[in-house]
S.K.: 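Structure incoming, see below.
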Amino acid sequence: MTLKKIYFFLLEPYGPQGWWPLLECEGGNPTKTGAMNGYHPGDYSYPKTDEQRFEICVGAILTQNTSWVQVEKALQNLKQLRALRPEAMLKLELRKLKQAIKPAGYFNQKARKIKLFTAFYQKLNGKIPRREELLNVWGIGPETADSIQLYAYRQPSFVIDAYTKRIFSRIGICRENVKYEELQALFEKELKPDPHLYSEYHALIVEHAKRYCRKKPLCKECPLLSVCSFGQHKSSIRLL
DNA sequence: AACCAGGACGTGA
DNA sequence: TCACGTCATGGT
């Protein structure tokens, strides 16, 4: 009940976020960050094509510990090179790949990760990968695996990230060093396994963390002020 | 001019 | 298991 209530507390002020952002989609909205056209609020029917699915996977790797604006630039470069398809990506010279994704940082590691993932992706031949399979690919950790599951394949895996831990530990629901699978299990227990709900919730969490629940939080006008125990003495509603 | 961003891996205790 | 160092660019 608590987690579902918080969901609506976020949805009301922010509205549907239109994740996962794509380079382009019909009737998409401009990003808040860059000049892309890929947010599609309220439309959960993406990816519509296999190219979009692959683009989401690559974006999920590129955005590891990196802001999305930088990832947009990298994706644009890859698009320019026509490399946002598995076959082309595997053929692309390693140094050209590194050059293209340089804006997103960690380009040595990420180039290798993308190559390895692409080989894995191609072997799937359209099948949906299991979470364990994804985790066995070098460079795919829990968050990236769940992002791919949820946004590329519409599987009900709840994505946990640093923002999720920050927000929900401040609220008082968990501690700040809660383990990934532990917090994920809580969300997946409290919420029905609906990919639309999971997608929207995670996107809202990111938006909320950027707007109010920053490192230095802006608690004054926070929409969650009434349910948050941060900096207060009110009894916490700790579930973990 | 530090600090941070939609993490993951390798290492040594 | 776990804490810590490393990877790298660009925006604020």
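Just so it is clear, the model here is predicted, and its values are computed rather than measured. Chain naming here is simple, since letters A, B, ... match the order of the sequence lines and numbering starts at 1 in each.
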S.K.: Could you measure between the two P atoms, the one in B/dC4 and the one in C/dG5, and give it in whole Å?
M.R.: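 The same atom, P, in both gives a distance of 16 Å.
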
S.K.: If stacking means aromatic ring centre less than 5.5 angstrom from the base's six-membered ring centre, planes under 30°, is A/W20 stacked on B/dG6?
M.R.: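 According to the criterion (under 5.5 Å, under 30°), no, A/W20 does not stack.
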
S.K.: Determine the contact category for A/K110: base if any of its heavy atoms lies under 4.0 Å from a base atom, sugar-phosphate if only primed atoms, P, OP1 or OP2 are that close, otherwise nothing.
M.R.: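 Touches nothing.
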
S.K.: I want to verify a distance call: between B/dA8, B/dG6, C/dT9, whose nearest atom is closest to the A/K102 side chain?
M.R.: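 Between B/dA8, B/dG6, C/dT9, the one nearest the side chain of A/K102 would be C/dT9.
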
S.K.: Using whole Å, what does the distance between atom C1' of nucleotide C/dC7 and atom CG of A/N65 come to?
M.R.: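 So the two atoms are 9 Å apart, to the nearest Å.
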
S.K.: Between A/Y201 and A/F187, how do the two ring planes meet: parallel, tilted or perpendicular, split at 30° and 60°?
M.R.: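 Rings of A/Y201 and A/F187: perpendicular, as their planes differ by over 60°.
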
S.K.: Which listed nucleotide (C/dA8, B/dC4, B/dG6) is nearest to the side chain of A/Y39?
M.R.: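 That would be B/dG6.
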
S.K.: Please indicate whether A/K96 has more than 12 foreign heavy atoms, meaning atoms of other residues, nucleotides or ligands, lying under 6.0 Å from its NZ.
M.R.: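 Open.
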
S.K.: Map A/Q109 and A/R112 onto DNA chain B by nearest heavy atom, then report which one ends up closer to the 5' terminus.
M.R.: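 Taking each residue's closest nucleotide, the earlier one in sequence belongs to A/Q109.
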
S.K.: Rounding to a whole Å, what distance do you find between A/L183:CG and B/dG7:P?
M.R.: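 That distance rounds to 14 Å.
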
S.K.: Map A/T66 and A/L135 onto DNA chain B by nearest heavy atom, then report which one ends up closer to the 5' terminus.
M.R.: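 Upstream on the strand: A/T66.
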
S.K.: Using 30° and 60° as the class limits, which term best fits the ring planes of A/H40 and A/Y46: parallel, tilted or perpendicular?
M.R.: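 Correct class here is tilted.
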
S.K.: Sticking with atom C1', work out how far B/dA5 lies from C/dC7, rounded to a whole angstrom.
M.R.: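 14 Å, rounded to whole Å.
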
S.K.: Counting heavy atoms from C-beta on, name the nucleotide in C/dG11, B/dA8, B/dG6 closest to the side chain of A/W19.
M.R.: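 Of all the options, the side chain of A/W19 is nearest to B/dG6.
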
S.K.: Under 4.0 Å between any heavy atoms, over every strand shown, what does A/G105 touch: base, sugar-phosphate, or nothing? Just pick one.
M.R.: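 Since a base atom lies under 4.0 Å of A/G105, the category is base.
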
S.K.: Between B/dC4 atom P and A/D161 atom CG, what is the distance in whole Å?
M.R.: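 A/D161 atom CG is separated from B/dC4 atom P by 17 Å.
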
S.K.: Counting side-chain heavy atoms from C-beta on, which of C/dA8, B/dC4, B/dA8 comes nearest to A/N108?
M.R.: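 That would be C/dA8.
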
S.K.: For C/dG11, take OP1 and OP2 only and decide whether either is under 4.0 Å from a side-chain N or O of A/K73.
M.R.: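 For A/K73, the contact criterion (side-chain N or O under 4.0 Å from OP1 or OP2 of C/dG11) is met.
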
S.K.: Nearest whole Å is fine: how far is C/dT1 P from A/Y180 OH?
M.R.: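 After rounding, the gap between these two atoms is 18 Å.
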
S.K.: Closest approach to the side chain of A/S67, judged atom by atom: which nucleotide of C/dA8, B/dA8, B/dG6 is it?
M.R.: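 Selected nucleotide: B/dG6.
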
S.K.: Which part of the nucleic acid, if any, lies within reach of A/I140 when heavy atoms closer than 4.0 Å are counted: base, sugar-phosphate only, or nothing?
M.R.: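 Counting heavy atoms under 4.0 Å across all strands, the contact made by A/I140 is with sugar-phosphate only.
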
S.K.: Roughly how many Å is it from CD1 in A/I101 to P in C/dG10, rounded to a whole number?
M.R.: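 After rounding, the gap between these two atoms is 12 Å.
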
S.K.: Side chain of A/V206: nearest nucleotide among B/dG6, C/dC7, B/dC9?
M.R.: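 The nucleotide sitting nearest to the side chain is B/dG6.
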
S.K.: For A/Q64 and A/T144, which I'm curious about, is there any donor-acceptor pair between the side chains at under 3.5 Å?
M.R.: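 Looking only at side-chain atoms, A/T144 and A/Q64 do form a donor-acceptor pair, the distance falling under 3.5 Å.
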
S.K.: Verify the contact: side-chain N or O of A/R166 to OP1 or OP2 of B/dC4, cut-off strictly under 4.0 Å; return yes or no.
M.R.: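 Answer no for this pair, as no side-chain N or O of A/R166 is under 4.0 Å from OP1 or OP2.
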
S.K.: For the pair A/H208 and A/Y14, name the ring-plane relationship: parallel under 30°, tilted 30 to 60°, perpendicular over 60°.
M.R.: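 Rings of A/H208 and A/Y14: tilted, as their planes differ by 30° to 60°.
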
S.K.: Consider the side chain of A/F107, meaning its heavy atoms from C-beta on, and name the nucleotide among B/dA8, B/dC4, C/dA8 that approaches it most closely.
M.R.: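 That would be C/dA8.
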
S.K.: Under 30°, 30 to 60°, or over 60°: which ring-plane class applies to A/W19 and A/H202, parallel, tilted or perpendicular?
M.R.: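 Answer is perpendicular, since the angle exceeds 60°.
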
S.K.: Just checking, is any N or O donor in the side chain of A/K73 or A/Q70 under 3.5 Å from an acceptor N or O on the other one?
M.R.: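 Per modelled atom types, A/K73 and A/Q70 side chains form a pair under 3.5 Å.
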
S.K.: Send over the distance from A/R175 CZ to C/dC2 P, rounded to a whole Å.
M.R.: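 Going from A/R175 (CZ) to C/dC2 (P), I get 10 Å.
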
S.K.: C/dC7 P sits how many Å from A/I114 CD1, rounded?
M.R.: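 After rounding, the gap between these two atoms is 19 Å.
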
S.K.: Roughly how many Å apart are B/dA8 and C/dG11, using the P atom of each and rounding to a whole number?
M.R.: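 It comes out at 24 Å once rounded to the nearest Å.
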
S.K.: Without decimals, in angstroms, what is the distance between A/Y106 OH and B/dC9 C1'?
M.R.: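 Rounding to the nearest Å, OH of A/Y106 and C1' of B/dC9 are 12 Å apart.
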
S.K.: When you measure from the side chain of A/W138, which nucleotide among B/dA5, B/dG10, B/dA8 comes out closest?
M.R.: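 Output: B/dG10.
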
S.K.: Need one value for A/S147: base, sugar-phosphate or nothing, where a base atom within 4.0 Å counts as base even if backbone is also close, heavy atoms only.
M.R.: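 It contacts nothing in the nucleic acid.
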
